[in-house]
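The structure under discussion appears below in the form of structure tokens.
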Amino acid sequence: MASAATLSPADSEKLSKLQAAVSGLTQISENEKSGFVNLVSRYLSGEAQHVEWSKIQTPTDEVVVPYDSLAPLPNDPAETKKLLDKLVVLKLNGGLGTTMGCTGPKSVIEVRNGLTFLDLIVIQIENLNSKYGCNVPLLLMNSFNTHEDTQKIIEKYKGSNVEIHTFNQSQYPRLVSEDYLPLPSKGRTDKDGWYPPGHGDVFPSLKNSGKLDALISQGKEYVFVANSDNLGAVVDLQILNHLIHNKNEYCMEVTPKTLADVKGGTLISYEGKVQLLEIAQVPDEHVNEFKSIEKFKIFNTNNLWVNLQAIKRLVEANALKMEIIPNPKEVDGIKVLQLETAAGAAIRFFDHAIGINVPRSRFLPVKATSDLLLVQSDLYTLVDGSVLRNKDRKDASNPSIELGPEFKKVGNFLSRFKSIPSIIELDSLKVAGDVSFGAGVVLKGKVSISAKPEAKLAVPDNAVIENKEINGAEDF
């Protein structure tokens, strides 16, 4: 814990007042209280890690291993079963679907063929367990926002051959910016008084929930952590095999940057250690360099593989001091602060930590309805719960899609398509205004469709639109 000595007298006073207020909060556990006070103390002591730009080195292939160089798997189902019996899959399930106009956990949005993110995840693991006769359990880390709904939703998987465990990440009080007191101690005891402190909290929460020790006692060795909305994050046996053979305690999957990912965190070698460099840590004068695809060619997919014993060792030693991400918000006109951490930043605390430079197909997040359009189209097919890219697409990258605000909510999005257009040969699509699509539409090349203000524009059934700008019905 940051000793009070590193704090100014004013900050020490802030901290002791905060401690007194937090000790009176009955809604959270002692572990959560000390974790929170610890985080605020570190933040106040300003131990923010400044990166010396001149010390940054590009990681070698030993540190960021090319996926193609991984050893092939032994062609023996019994060996594969041994590997899988050491694995646990953990999906970060704390997010709500509010940005896409849905209530409840984001993982229950329907992605394809009437199946939700969660359905697909369960089907994938069911297939592994059936095929190899292994027992890979699924863990869902919920937040207080998604806990109750998730408990109800997973009832439907009771008959499956996947053991599903849930646990909650920490619940921390929002800090009032003005005086650093917890919002709930000022009477805001509803959900708005609290926040989940980012996915860096996965490690202490796994330990505090008792799940970590239980898994270790069952002989589990590695956890594969991924966002529940990343459809590309399926279990990869070659990666698991590599980590077990090389005794890597931590592995971050990275993938080549495109212009869409220039803000994503990247891996660097720094003072002999591999670490994550986030845009927030970059000095202003180097931000453009950070965003360039020439110098920093890869970014973090947030698919992480971590050794369970190593998590236990580091959490018990209170050694995971990840960079703190301050997230200012406003609740009913009161300025508050949320302090968060990210799981990727933990990489520098683990022994023999590596990155693996994986194919882009392992990164297929659905953050908005434009992503939904991609994965529901003929660009992808569904096999055993995995969303696979259509081989007929010649271009390695996906088309860029920009949909106007009329398409933002899932319900509105779905009501505007009689069927999802064919986009195998599409480069880019821009849609603006009150546009709807008929059935069997084919889009190719660069397409822009915008309805005039106050006017409706319906793309007719079976229309083929190639390299065209459409501003009214007369353009079809």
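Position 1 is the first residue of the sequence; numbering continues from there.
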Note: Ala353 and Val274 closest approach over all heavy atoms is O-CG1, 3.5 Å
Please lay out, stage by stage, how Ile465 and Ile449 fare under the test side-chain contact (heavy atoms from CB on, under 4.5 Å).
CA-CA 10 Å; Ile465 306 172; Ile449 303 171; 4.3 Å; yes
- Minimum side-chain heavy-atom gap Gln27-Thr189 below 4.5 Å: yes
- Query: How about Lys33: does its NZ atom have over 12 heavy atoms from other parts shown lying under 6.0 Å from it?
  - Reply: yes
With distance as the sole criterion, is a donor-acceptor pair present between the side chains of Asn135 and Asp85 under 3.5 Å?
-> no
Check your understanding: Side chains of Gln376 and Arg112: donor-acceptor distance under 3.5 Å anywhere?
Key -> no
**Q.** Ring centre gap for Phe299 and Phe363 strictly below 6.0 Å
**A.** yes
Step-by-step salt bridge (charged side-chain N to carboxylate O under 4.0 Å, His left out) determination, Lys207 to Glu316 = CA-CA 9 Å; Lys207 175 79 177 73; Glu316 286 177 351; 3.6 Å; yes
One should read off an interatomic distance between Leu403 CG and Asn412 CG, to the nearest 0.5 angstrom, of 12.0 Å
(message) Within the 4.5 Å heavy-atom criterion, are Leu304 and Cys251 side-chain neighbours or not?
(response) no
With the threshold set at 4.0 Å, does a side-chain nitrogen-carboxylate oxygen contact exist between Arg393 and Asp395? yes
### Electrostatic pair Arg348:Glu271 at N-O distance under 4.0 angstrom
no
- prompt: Going by atom types alone, do Asn227 and Asn302 pair a side-chain donor with an acceptor below 3.5 Å?
  reply: yes
Salt-bridge contact Lys257-Asp261 (side-chain N to carboxylate O under 4.0 Å)
no
Looking only at the side chains, is there a donor atom on one of Ser29 and Asn208 sitting less than 3.5 Å from an acceptor on the other? no
Residues Asp427 and Lys444 bridged, charged N to O under 4.0 Å: no
Legend entry - Pair Glu126 + Lys131, salt bridge at N-O below 4.0 Å: no
The reported gap from CD1 in Ile123 to CG in Leu128 (rounded to nearest 0.5 angstrom) is 12.5 Å
Check your understanding: Would you say Leu175 and Val336 make side-chain contact, with heavy atoms under 4.5 Å?
Key -> no
*asked:* Under 4.0 Å between a side-chain nitrogen and a carboxylate oxygen: does that hold for Glu155 and Lys152?
replied: no
- Query: In terms of side-chain heavy atoms, does Tyr380 have a donor or acceptor partner in Asn398 at a distance below 3.5 Å?
  - Reply: yes
- Task: Count the heavy atoms belonging to other residues, nucleotides or ligands that lie under 6.0 Å from CD of Glu148, then report whether that count exceeds 12.
- Result: no
CG (Asn390) and OG (Ser377) are apart, to the nearest 0.5 Å, by 8.5 Å
- Task: Describe, in one word, how the ring planes of Phe296 and Phe290 are oriented to each other, choosing from parallel (under 30°), tilted (30 to 60°) and perpendicular (over 60°).
- Result: tilted
> Does Lys329 NZ have over 12 foreign heavy atoms under 6.0 Å away?
Replying inline: no
For this session: Evaluate the side-chain proximity of Leu426 to Leu429: yes if any heavy-atom separation is below 4.5 Å, no if none is.
Result: yes
The reported gap from CZ in Phe167 to CG in Leu206 (rounded to nearest 0.5 angstrom) is 4.5 Å
- Query: For the residue pair Phe224 and Trp305, does the interplanar ring angle fall in the parallel (under 30°), tilted (30 to 60°) or perpendicular (over 60°) class?
  - Reply: parallel
For Asp190, look at atom CG and say whether over 12 heavy atoms of other residues, nucleotides or ligands are found less than 6.0 Å away. yes
- Pairing of Glu253 and Arg362 as salt bridge, 4.0 angstrom limit: yes
Review point. Does one side chain, of Asn168 or His147, offer a donor that lies under 3.5 Å from an acceptor on the other?
Key: yes
* Asked: Side chains of Leu277 and Leu267: closer than 4.5 Å at any heavy-atom pair?
  -> no
dist Leu243:CG -> Asp236:CG (nearest 0.5 Å) comes out at 9.5 Å
Please check if any side-chain donor atom of Asn93 sits under 3.5 Å from a side-chain acceptor atom of Thr146, or the reverse.
-> no
(request) Examine the side chains of Asp119 and Thr116 and answer whether a donor and an acceptor come within less than 3.5 Å of each other. (result) yes
| message | If you count every heavy atom of other residues, nucleotides or ligands that lies below 6.0 Å from Lys263 atom NZ, does the total exceed 12? | response | no
Heavy-atom side-chain contact between Lys297 and Asn357 under 4.5 Å: no
Q) Charged N to carboxylate O under 4.0 angstrom, Asp351 versus Lys247? A) no
* Side chain proximity check, Trp194 to Ile28, heavy atoms < 4.5 angstrom -> yes
inquiry  = For Arg174 and Tyr195: C-alpha separation, side-chain torsions, deciding distance, then whether side-chain contact (heavy atoms from CB on, under 4.5 Å) applies.
reply    = CA-CA 6 Å; Arg174 286 179 157 152; Tyr195 76 99; 3.8 Å; yes
task = Check the side chains of Glu402 and Ser370 for a donor-acceptor pair under 3.5 angstrom, ignoring hydrogens and angles.
result = no
Notebook entry, point to check: Can you find a heavy atom in the side chain of Leu70 that is under 4.5 Å from one in the side chain of Ile239?
Noted result: yes
When rounded to the nearest 0.5 Å, the distance separating CD1 of Ile216 from NZ of Lys312 is 6.0 Å
